[in-house]
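Notes follow the structure.
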There are 2 protein chains.
Amino acid sequence: MSVARGDSRSPIGPRGKASTDKRRLILDAAVRVFARQGFHACRVSDIADEAGVAYGLVYHYFASKDEVLDTLFLERWNVMLEFIREVDSEPIAVREKLRAIASFIVDSYRHDPDLMKVIIVEVTRAANSFGNTHIDTIREAYDLIGGMIIKAQEDGVFKPEIESRFAAMAFYGAIEQLLTGWIFDLLPDEDEYFERAKWLVVETVCGGLETKASEQASVT
Amino acid sequence: MSVARGDSRSPIGPRGKASTDKRRLILDAAVRVFARQGFHACRVSDIADEAGVAYGLVYHYFASKDEVLDTLFLERWNVMLEFIREVDSEPIAVREKLRAIASFIVDSYRHDPDLMKVIIVEVTRAANSFGNTHIDTIREAYDLIGGMIIKAQEDGVFKPEIESRFAAMAFYGAIEQLLTGWIFDLLPDEDEYFERAKWLVVETVCGGLETKASEQASVT
DNA sequence: CGACGTTGACTGACCAGTCAATCTAACCTG
DNA sequence: CAGGTTAGATTGACTGGTCAGTCAACGTCG
């Protein structure tokens, strides 16, 4: 589906026509519009207007309104999956891995709140329509985290009696709810709080999962 | 399924018109339809059909499609708020309070998965539509939980360095994500797992929040 | 001059909400 | 108690507006 991806070949193209990548322009505009009005409430013309292109051009690059959202979601989610896999392959403690993941997600929000809002509100939450379409992609993230927890249990760092899938969901859910808190303006969003939020999630979840034996005094 | 609520005032009503409560019929049908197709994707006629009443009757009892969802949400959320307040007023340990809340939410799902699905998917996380409308009602639940945590911190049971609002969000988020896991069929939903899920959330969150000093061996 | 990027008016489907008509039953009144 | 009155419950065809997606034409670059 996604057409050209790595085509932003810097401005030094053979024929420096590098005006602007309209496709990208549309995607970026869509993020803003979806975040502001919601996917269902906005019209395709809103996206076109926001991007400053003609209505029809949206359909030149995307087969449907849905595909615009699909593209945004997959782009971002795959970056995250890539990151999680990378973290997982490193020889560090679970606690560090989970901290890295929490950091990544929180920083993703900090870097582009609109995009994260769209992904959480419009995709992750939508059990019907989109959620169902991407359920396997979403699941992959949970599975990766679950895998880390299983490994930690085998190593005796985490309590074995806690079902890994449940722990993974709880961990991810805690983070997502913090983002939801920021999205809904229920939590203060100063820089300081972002950092403490990362710490809180890891501290809380790990604190409850770790065995007494593994009292690694690596507490900040 | 549960028919009349509190309005089947027995035969003693002045105007004993208490035939079948069509309003209730419509609400219950709406839950099923919203859960199956999603609020946006379904038509008002779907609700009427599911309820076995004429299209127009929906508008006799409700001003709009929105109001049907509003009603469902408020009905249920207020029951939960009531429960939380009640729990809060009891002289028991935080751990017990949180366990009671987790139990209540999980059991709510077990008792009526469709309704909880609708509330979570269509309201609680819908930042652009209903979520925004009901933000204050939703927030009240978070605030109540936050209050419990503050109190526990003052009593020296929970670590004081963790911002209560953040902890409350993390706690609620963990539970909600477990429900999401069941909704999306990502987690096994046998009876045994519901019980363990309650235990997991409380154990995990409290484990991380409690101070070393409060090592109350009340672990199951 | 051919290929592709770009435009925006148009259309066909869809659906929330309206409304006038019909039905039901409580409650008169003689 | 028959017949009449009325208020609410119930019906479903219809309307008005909205919008996703189409398409024929135009632009521009190489």
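Below, chain A is the first sequence line, B the second, and so on; all start at residue 1.
- At C:dG5, none of the side-chain N or O atoms of A:Y61 fall inside 4.0 Å of OP1 or OP2 (strictly under the cut-off).
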Just the atom pairs and distances: protein N or O near nucleotides 12-18 of chain C's N or O, under 3.5 Å.
{"from": "C:dA16", "atom 1": "OP1", "to": "B:C42", "atom 2": "O", "distance (Å)": "3.4"}
{"from": "C:dA16", "atom 1": "OP1", "to": "B:K65", "atom 2": "NZ", "distance (Å)": "3.4"}
{"from": "C:dA16", "atom 1": "OP2", "to": "B:V44", "atom 2": "N", "distance (Å)": "2.9"}
{"from": "C:dA16", "atom 1": "N7", "to": "B:Y55", "atom 2": "OH", "distance (Å)": "3.3"}
{"from": "C:dG17", "atom 1": "OP2", "to": "B:Y59", "atom 2": "OH", "distance (Å)": "3.0"}
{"from": "C:dG17", "atom 1": "OP2", "to": "B:K65", "atom 2": "N", "distance (Å)": "3.0"}
{"from": "C:dG17", "atom 1": "N7", "to": "B:Y55", "atom 2": "OH", "distance (Å)": "2.5"}

Evaluate A:I183 against B:R125 for side-chain contact (heavy atoms from CB on, under 4.5 Å), listing each step before the verdict.
CA-CA 10 Å; A:I183 289 169; B:R125 295 188 176 175; over 6 Å; no

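- The phosphate of C:dG5 has OP1 or OP2 within less than 4.0 Å of a side-chain N or O from A:H60.
- One atom, CG of B:D49, and another, P of D:dT11, lie 11 Å apart when rounded to the nearest Å.
- Between B:K22 atom NZ and C:dC23 atom P there is a gap of 15 Å when expressed in whole angstrom units.
- From B:Q177, atom CD reaches atom CD of A:E176 across 5.5 Å, with rounding to the nearest 0.5 Å.
- Taking the ring centroids of B:F130 and B:F73, they lie at or beyond the 6.0 Å cut-off.
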Test side-chain contact (heavy atoms from CB on, under 4.5 Å) on B:M116 and B:D112 and set out the steps.
CA-CA 7 Å; B:M116 291 304 280; B:D112 193 344; 5.7 Å; no

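- Protein atom CD1 of B:I26 is 11 Å distant from nucleotide atom P of D:dA9, rounded to whole Å.
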Should B:R76 and B:S108 be marked as a side-chain hydrogen bond (donor to acceptor under 3.5 Å, both in side chains) after you check the CA-CA gap, both sets of side-chain angles, and the distance that decides it?
CA-CA 9 Å; B:R76 189 67 207 163; B:S108 292; 2.9 Å; yes

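- Nucleic acid contact class of A:F62 (heavy atoms, under 4.0 Å, all strands): none.
- The distance between the ring centers of B:W182 and B:F194 falls below 6.0 angstrom.
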